[in-house]
Amino acid sequence: MIDAFKCFLKSNLEKEGCMVDQAYDGKSSFLKVQQFYYSLVILDAAIPYQDGITLCSKIKKDNEVPVIVVTHNDHQMLESFQAGADDSKQHVKELRHDD
């Protein structure tokens, strides 16, 4: 996910009273999901060290937490659903502010 979108998402979830935790690669993401309880997991399909689609599949084997995978194309979106994602959204390529 692009940094601006991550910040936007984090900020808005926190405004709604959600606690937000972040991991920066597939390995640390999987360890966090194993150690802590989450109400929702949002993954980037292109997360380093283990892609979000493979990670989604691993998470869903042992955990019923809802998973949303942010994808970069239609093929990844289909793969994310096949991996067990509860939802999948294509990422915004660019955030623009029209003046």
Side-chain angles (χ1 to χ4, degrees):
M1 279 182 269
I2 57 176
D3 289 335
F5 182 67
K6 284 189 244 182
C7 291
F8 171 81
L9 187 60
K10 182 179 187 293
S11 174
N12 281 285
L13 288 170
E14 288 175 339
K15 283 180 188 175
E16 292 297 320
C18 298
M19 292 179 63
V20 178
D21 191 5
Q22 293 181 320
Y24 299 97
D25 61 59
K27 184 178 178 180
S28 61
S29 298
F30 187 66
L31 291 173
K32 284 185 176 207
V33 171
Q34 288 182 311
Q35 292 177 323
F36 304 106
Y37 170 80
Y38 293 98
S39 299
L40 174 67
V41 174
I42 301 173
L43 299 171
D44 184 348
I47 194 169
Y49 300 114
Q50 183 170 71
D51 68 90
I53 296 166
T54 302
L55 183 55
C56 174
S57 180
K58 285 178 64 175
I59 290 170
K60 295 302 265 186
K61 282 183 184 177
D62 299 319
N63 197 318
E64 293 187 19
V65 63
V67 175
I68 298 172
V69 180
V70 178
T71 61
H72 303 267
N73 56 54
D74 291 339
H75 180 71
Q76 287 180 336
M77 185 176 276
L78 177 61
E79 286 182 325
S80 68
F81 284 120
Q82 291 171 337
D86 295 279
D87 202 355
S88 181
K89 301 292 179 194
Q90 283 197 12
H91 87 294
V92 178
K93 294 184 191 271
E94 182 177 330
L95 293 178
R96 295 181 197 210
H97 297 284
D98 294 329
D99 294 325

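The chain is numbered in sequence order, starting from 1.
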side-chain contact (heavy atoms from CB on, under 4.5 Å) partners of Leu40, counting only residues at least two apart: Ile42, Pro66, Ile68

ILVMFWY network linking Leu55 to Val65, side-chain heavy atoms under 4.5 angstrom: yes

Side-chain hydrophobic cluster, 4.5 Å single linkage: members besides Phe81: Met77

Listed partners of Asp86 passing side chain to side chain donor-acceptor pair (under 3.5 Å), at least two apart: Lys60

side-chain contact (heavy atoms from CB on, under 4.5 Å) partners for Tyr49, two or more places apart: Asp25

same_hphob_cluster(Leu13, Val70) at 4.5 Å side-chain heavy-atom cutoff: yes

Gly84 versus Cys56, closest heavy-atom pair with distance: C-SG, 3.9 Å

For Thr54, side chain to side chain donor-acceptor pair (under 3.5 Å) partners two or more places apart: Asp51

Residues which pass side chain to side chain donor-acceptor pair (under 3.5 Å) with Asn12, listed by chain and number, not counting sequence neighbours: none

Tyr37: side-chain contact (heavy atoms from CB on, under 4.5 Å) partners, not counting sequence neighbours: Ser39

Pairs flagged by salt bridge (charged side-chain N to carboxylate O under 4.0 Å, His left out) wherever residues 7-17 is involved - sequence neighbours left out: Lys10-Glu14

Single-linkage hydrophobic cluster, 4.5 Å side-chain cutoff, Ile47 and Phe30 together: no

Same apolar cluster: Val20 and Phe8, side chain cutoff 4.5 Å: yes

Within 6.0 angstrom of Gln35 CD, more than 12 heavy atoms from elsewhere: yes

By side-chain contact (heavy atoms from CB on, under 4.5 Å) - contacts of Ala45 (at least two apart): Ile53, Val69, Thr71, His72, Gln76

Side chain to side chain donor-acceptor pair (under 3.5 Å) partners for Lys27, two or more places apart: none

Side chain proximity check, Ile59 to Leu43, heavy atoms < 4.5 angstrom: yes

Hydrophobic cluster membership, Phe36 vs Leu31, 4.5 Å side-chain cutoff: no

Stepwise side chain to side chain donor-acceptor pair (under 3.5 Å) test for Gln90 and Asp74: CA-CA 8 Å; Gln90 283 197 12; Asp74 291 339; 2.5 Å; yes

NZ-CD distance between Lys6 and Gln22, expressed to the nearest 0.5 angstrom: 7.0 Å

